[in-house]
Visitor: 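Before anything else, here's the structure in question.
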Amino acid sequence: MSGRIPSGFIDELLNRIDIVEVIERHVPLKKAGRDYKGLCPFHNEKTPSFTVSQTKQFYYCFGCGASGSAIGFLIDYAHMDFVDAVEDLATRVGMQVPMEAVARPGPDLSPLYDQLAAAQRYFSRALRQHPEAARAVDYLKRRGLSGEIAASFEIGFAPPGWDNLSTALGFSEAAQQQLLDAGLSVRGPRGVYDRFRDRIMFPIHDQRGRVVAFGGRIIDQGEPKYLNSPETAIFHKGRELYGLHHARKANPKLARLLVVEGYMDVVALAQFGITNAVATLGTATTRDHLERVFRQCDEIIFCFDGDAAGRRAAWRALEQVLPLLRDGRIVGFHFLPAGSDPDTLVRAEGPDAFRDPDRIVPLSEFLFSHLGDGVDLGSLDGRARLAELARPLCNRVPGGVYRSLLIEKLGELTRLDERQIETMFQTGHRRVPVRKPSVPGPSRRSPSLIRTVVALLLHNPRLALKVDDPSSLGDVAQPGMGLLMEMLELIRSHPDITGGGLIEHWRDTEYAPHVRKLLSLELTVPESGMEAEFDGAIARLRAQSGRRREGALVAAGAKPSELSESDKARLRAALRRPHERGE
Ligand SMILES: [Zn+2]
């Protein structure tokens, strides 16, 4: 959710507009049953998979997986930013976007930026002057960094000790609070202390060049090796890229960006004149990262280790980048030799190792070699299998040259002609059962039940009004439970909210892709059966939570006689339902 426009306004706006009218201005739609259908504007197709639901106030495409609310449509289709999309919609229905909300970005964050800037100056000064800094300087020298590069990346030193920074900057209570809000201090049982101690400090800048966070590397040995600032009001790991600000400064005309794994890699490459590298901050590459990169240039080269973990990370990056492959964009993969990272490779072989086109595997090649792994292309079955595996991925690529290229390549591999492939790609509407256990993780059972409940709520929000005591459903620490609780809460305070309205509450959060996906599922439960399905799922959740509680009580040594009446009631309820579906 954007911090600038109150979420209540967004709810009200999405209640007043009609997504069908919004989309119809751009995409011809036809009524089909309760929904509307048309040719998807996000991928190339000849039979309509693009569906707009008036009841859910949501669109989705079975072919490429595009989905969202009316706001999301304008962002993705018309390339508006969030505020523009909201303003556009508000104008259509004669609503005024709250002025003060647009002009003032919520709480005043400037003290936070000021504190982070002051911290950066403090760490830089400590690297030059602190009596303990010699080890840090030695380390940087050993890694081959010049003073010039260290200065240009504003690298610093957090001295050993618990309160260096808070003594230097926390001169008032307000200042202490800002240090906490900025993630520089931590509140522990024994008081407030500096988060970064005895570390080499890499400031992380936003696109405008303001320091928004830090990465701290341990000197020599210790754990964790890298420590990042936590998420704060101004720092979101899933969006910021280390080095982007420098890359833009060093290259007024950026043609390509290299995406590497660590900040040392970015700095080491810059030392060798490769000034166009950026790194994610201890997270996998997200779609937000990639969108940000593509706003700077048209070419991305991912540098990953050539080992199994590196290949997995590369595959995840590939999956994220497919929907962004518009014409003119280029994506390649540079798999580094075993045992080396960009830092060691550039030292061993010089910058040309990163400029040699022969080392770069084009996306199409990586895609088909990965899918074809273990598939026998000598047999007809194997070739059909490859085409089947490639379908959902190729369908995520918007129409145009890139998609044609992939289909051409697939044609060569499978010896099918391109028209056959296109036909095959477009007849793949599948109904996805609501309880399909596609959520991976250690305890698949409860997430899939939670997932069922969340999916039903998204499709029919008013079901939330039937839940009396949300806190009895389970523990917020269970995967997905936090989302479920928030959703129940939200619907209870906005009983008229639609699915499209709901998903806007999780825009820009880690849940966004999940809730969008759940809302685009076609439930196997008919409309009339939804309520019963929901009641059943809620009862099972309660029973599970009761059993979990019982387990915890027994583990803690409680005898049945020591259980409270409500615990006993929960236990009995749990025991009455021994044959639960799906367990
Ligand atoms: Zn589509």
Side-chain angles (χ1 to χ4, degrees), residues 19-54 56-80 85 287 290-291 294 318-329 331 363-364 367 371 387-408 410 418-432 438 458-459 499-500 503 507 512-523:
I19 191 170
V20 176
E21 276 172 31
V22 173
I23 293 183
E24 233 171 8
R25 292 178 178 220
H26 306 283
V27 181
L29 296 174
K30 270 205 184 113
K31 188 121 193 222
R34 289 191 324 163
D35 297 332
Y36 292 78
K37 285 203 160 205
L39 290 175
C40 178
F42 300 105
H43 86 279
N44 191 11
E45 63 175 4
K46 294 192 183 81
T47 37
S49 335
F50 182 75
T51 307
V52 184
S53 160
Q54 206 155 34
K56 296 183 204 167
Q57 287 294 307
F58 184 69
Y59 73 88
Y60 51 101
C61 169
F62 294 117
C64 67
S67 65
S69 68
I71 297 174
F73 181 82
L74 291 180
I75 294 174
D76 288 340
Y77 179 83
H79 307 297
M80 294 185 183
R287 185 155 163 180
L290 296 171
E291 277 171 352
F294 275 136
L318 176 142
E319 290 181 311
Q320 297 291 322
V321 83
L322 289 175
L324 306 176
L325 288 178
R326 288 206 279 277
D327 287 355
R329 292 181 169 175
V331 174
L363 176 133
S364 57
L367 180 108
L371 291 180
E388 185 54 33
L389 289 170
R391 183 170 61 84
L393 295 159
C394 292
N395 273 342
R396 284 160 78 175
V397 177
V401 177
Y402 221 113
R403 192 170 187 280
S404 313
L405 195 128
L406 288 175
I407 287 178
E408 193 185 304
L410 184 62
E418 289 158 32
R419 276 215 315 277
Q420 283 174 295
I421 296 177
E422 277 290 6
T423 315
M424 200 185 123
F425 277 11
Q426 286 170 13
T427 50
H429 301 185
R430 272 180 306 175
R431 291 168 70 91
V432 187
S438 75
L458 284 163
H459 284 79
I503 59 164
R507 172 176 292 283
H514 303 295
V515 287
R516 277 214 312 268
K517 200 165 151 204
L518 288 178
L519 184 51
S520 36
L521 292 179
E522 248 190 279
L523 300 186

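Counting from 1, the numbers follow the sequence of the chain as shown. Atoms considered below: every heavy atom in the structure, side chains included; atoms not considered: hydrogens, waters and symmetry mates. In each ligand, atom 1 is the first atom listed, and ligand 1 is the first ligand listed.
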Visitor: I'd like a table of donor-acceptor pairs (distance under 3.5 Å, sequence neighbours excluded) in which one partner is a side-chain atom from residues 60-76, with atom names and distances.
Guide:
unit_1 : atom_1 : unit_2 : atom_2 : d
Ser67  : OG     : Arg516 : NE     : 3.2
Ser69  : OG     : Ile71  : N      : 3.2
Ser69  : OG     : Gly72  : N      : 3.3
Ser69  : OG     : Glu504 : OE2    : 2.4

Visitor: Which residues pass the salt bridge (charged side-chain N to carboxylate O under 4.0 Å, His left out) test with Glu291, not counting sequence neighbours?
Guide: Arg287
Visitor: Using a strict cut-off of 2.8 Å, how many protein N/O/S atoms surround the Zn ion (ligand 1)?
Guide: 4
Visitor: Between Leu406 and Ser364, which heavy-atom pair has the shortest distance, and what is it?
Guide: CD2-CB, 3.5 Å
Visitor: Counting N and O atoms only, with roles assigned by atom type, does the side chain of His459 sit under 3.5 Å from a partner on the main chain of Leu521, one being a donor and the other an acceptor?
Guide: yes
Visitor: Identify, with sequence neighbours excluded, every residue that meets salt bridge (charged side-chain N to carboxylate O under 4.0 Å, His left out) alongside Arg34.
Guide: Glu527
Visitor: Do the side chain of Glu418 and the main chain of Glu408 share a donor and acceptor less than 3.5 angstrom apart?
Guide: no
